Enquirer: 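I have a structure I would like to understand better, so I am pasting it below and will then ask my questions one at a time.
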Amino acid sequence: MATHQKIINTERKIKQAFIYLGNTKGLEKLTVSDVTKYAHINRSTFYAHYEDKIALTRHFEDEVLNKMHTVMESNLAETMINQRADDENLRTYPAVIQMIQFIHQEFDLIKVLMVDAQFYDAVKDQLRQIIDRDLFMVKGSTRMTAKLPDNYAHEIVLASILSVVQVWVHQGTRNHRKKFPKLLCECST
């Protein structure tokens, strides 16, 4: 039991160091040496957990992406139950609210990761899959509108959502989370 707790504590220290250093130095300038110094661990301890800085970054990206996927998957059905397909004011509030709460919980980590193009693209791809699944459940098709080519319509919605999230995260304030779901839904419709 003591060994398990030691591993948890080491992971927590590494995560705290990654977040702090990512916010102060940026991901590009962050080094394994920086992480070990800030976390007060030996380099060998770091390497027992991660192969290198890239593996550390990918670990946190995968962790966030997996949690985001779980949040969206577990709340999508509730979203569909609460709405009618013919409703002009169709909203995905339950899923969006849960996602905002998740971003709020992991705010500092997500702020660091959002500057990584690979992470941003992975979030965008995951969001597109979720939107397409949502559209298919509601409309029987992933087509958003007949007024625009589908790839443009998707890009407008995805870019709007992700831009608003980026502004929120990079302004560095968690305080907008209560207003954010309404703002996000208004942007994406």
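By convention here, the first residue in the shown sequence is residue 1. Because the structure is a prediction, the values reported are computed rather than measured.
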Enquirer: Taking only residues two or more places apart in sequence or in another chain, which ones pass side-chain contact (heavy atoms from CB on, under 4.5 Å) with Tyr50?
Expert: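 Tyr50 satisfies side-chain contact (heavy atoms from CB on, under 4.5 Å) with Glu11, Ile14, Phe46, Leu56, His59, Phe60 only.
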Enquirer: Taking C-beta and beyond as the side chain, do Lys111 and Ile19 meet within less than 4.5 Å on heavy atoms?
Expert: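 Counting from C-beta outward, Lys111 and Ile19 never come under 4.5 Å.
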Enquirer: Give a yes or no on this: more than 12 heavy atoms of other residues, nucleotides or ligands lie within 6.0 Å of atom CD1 of Ile54.
Expert: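 Count not over threshold, so no.
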Enquirer: Would you say that Gln5 contacts Ile8 through its side chain, given a criterion of any heavy-atom pair below 4.5 Å between the two side chains?
Expert: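 They are in side-chain contact.
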Enquirer: What pairs with Leu27 under side-chain contact (heavy atoms from CB on, under 4.5 Å), at least two apart in sequence or on another chain?
Expert: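 With sequence neighbours excluded, Leu27 shows a side-chain contact (heavy atoms from CB on, under 4.5 Å) to Phe18, Thr57, Val112, Val115, Asp116, given in chain and number order.
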Enquirer: Please identify each residue that fulfils side-chain hydrogen bond (donor to acceptor under 3.5 Å, both in side chains) with Tyr152, with sequence neighbours left out.
Expert: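 Applying side-chain hydrogen bond (donor to acceptor under 3.5 Å, both in side chains) to Tyr152 gives none.
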Enquirer: If you compare all heavy atoms of Leu30 against all heavy atoms of Gly22, which two are closest, and at what distance to 0.1 Å?
Expert: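 Answer, listing the atom of Leu30 first, then Gly22: CD1-N, 3.7 Å.
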Enquirer: Are Ile103 and Trp168 packed together at the side-chain level, in the sense that at least one heavy-atom pair is separated by less than 4.5 angstrom?
Expert: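 SC-SC contact between Ile103 and Trp168 confirmed.
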Enquirer: Report, one line per pair, each donor and acceptor closer than 3.5 Å where one atom sits in a side chain of residues 117-127; sequence neighbours left out.
Expert:
unit_1 : atom_1 : unit_2 : atom_2 : d
Gln118 : OE1    : Arg58  : NE     : 3.4
Gln118 : OE1    : Arg58  : NH2    : 2.8
Lys124 : NZ     : Glu155 : OE1    : 3.0
Lys124 : NZ     : Glu155 : OE2    : 2.7
Gln126 : NE2    : Leu65  : O      : 3.2

Enquirer: Under the side chain to side chain donor-acceptor pair (under 3.5 Å) rule, what pairs show up with a residue in residues 21-35, not counting sequence neighbours?
Expert: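 For residues 21-35: Lys25-Asp34, Thr31-Asp34.
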Enquirer: Working to the nearest 0.5 Å, report the span between NE2 of His104 and CD of Gln101.
Expert: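 That separation rounds to 9.5 Å.
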Enquirer: For Arg128, what residues pass the side-chain contact (heavy atoms from CB on, under 4.5 Å) criterion, not counting sequence neighbours?
Expert: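 For Arg128 the side-chain contact (heavy atoms from CB on, under 4.5 Å) partners, ignoring immediate neighbours, are Asp132, Asp150, His154, Leu158.
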Enquirer: Apply side-chain contact (heavy atoms from CB on, under 4.5 Å) to Ala55 and list each qualifying residue two or more places apart in sequence or on a separate chain.
Expert: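 By the side-chain contact (heavy atoms from CB on, under 4.5 Å) rule, Ala55 matches Glu51, Asp52.
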Enquirer: Lys53: what forms a salt bridge (charged side-chain N to carboxylate O under 4.0 Å, His left out) with it, not counting sequence neighbours?
Expert: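 Checked Lys53 against salt bridge (charged side-chain N to carboxylate O under 4.0 Å, His left out); zero matches.
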Enquirer: Are side-chain heavy atoms of Lys37 and Arg43 found at a separation under 4.5 Å?
Expert: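 Lys37 vs Arg43: side chains apart.
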Enquirer: If you look at every heavy atom in Tyr38 and Gln16, which pair is closest and at what distance?
Expert: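 The pair with the smallest heavy-atom distance is CE2-O, 4.0 Å.
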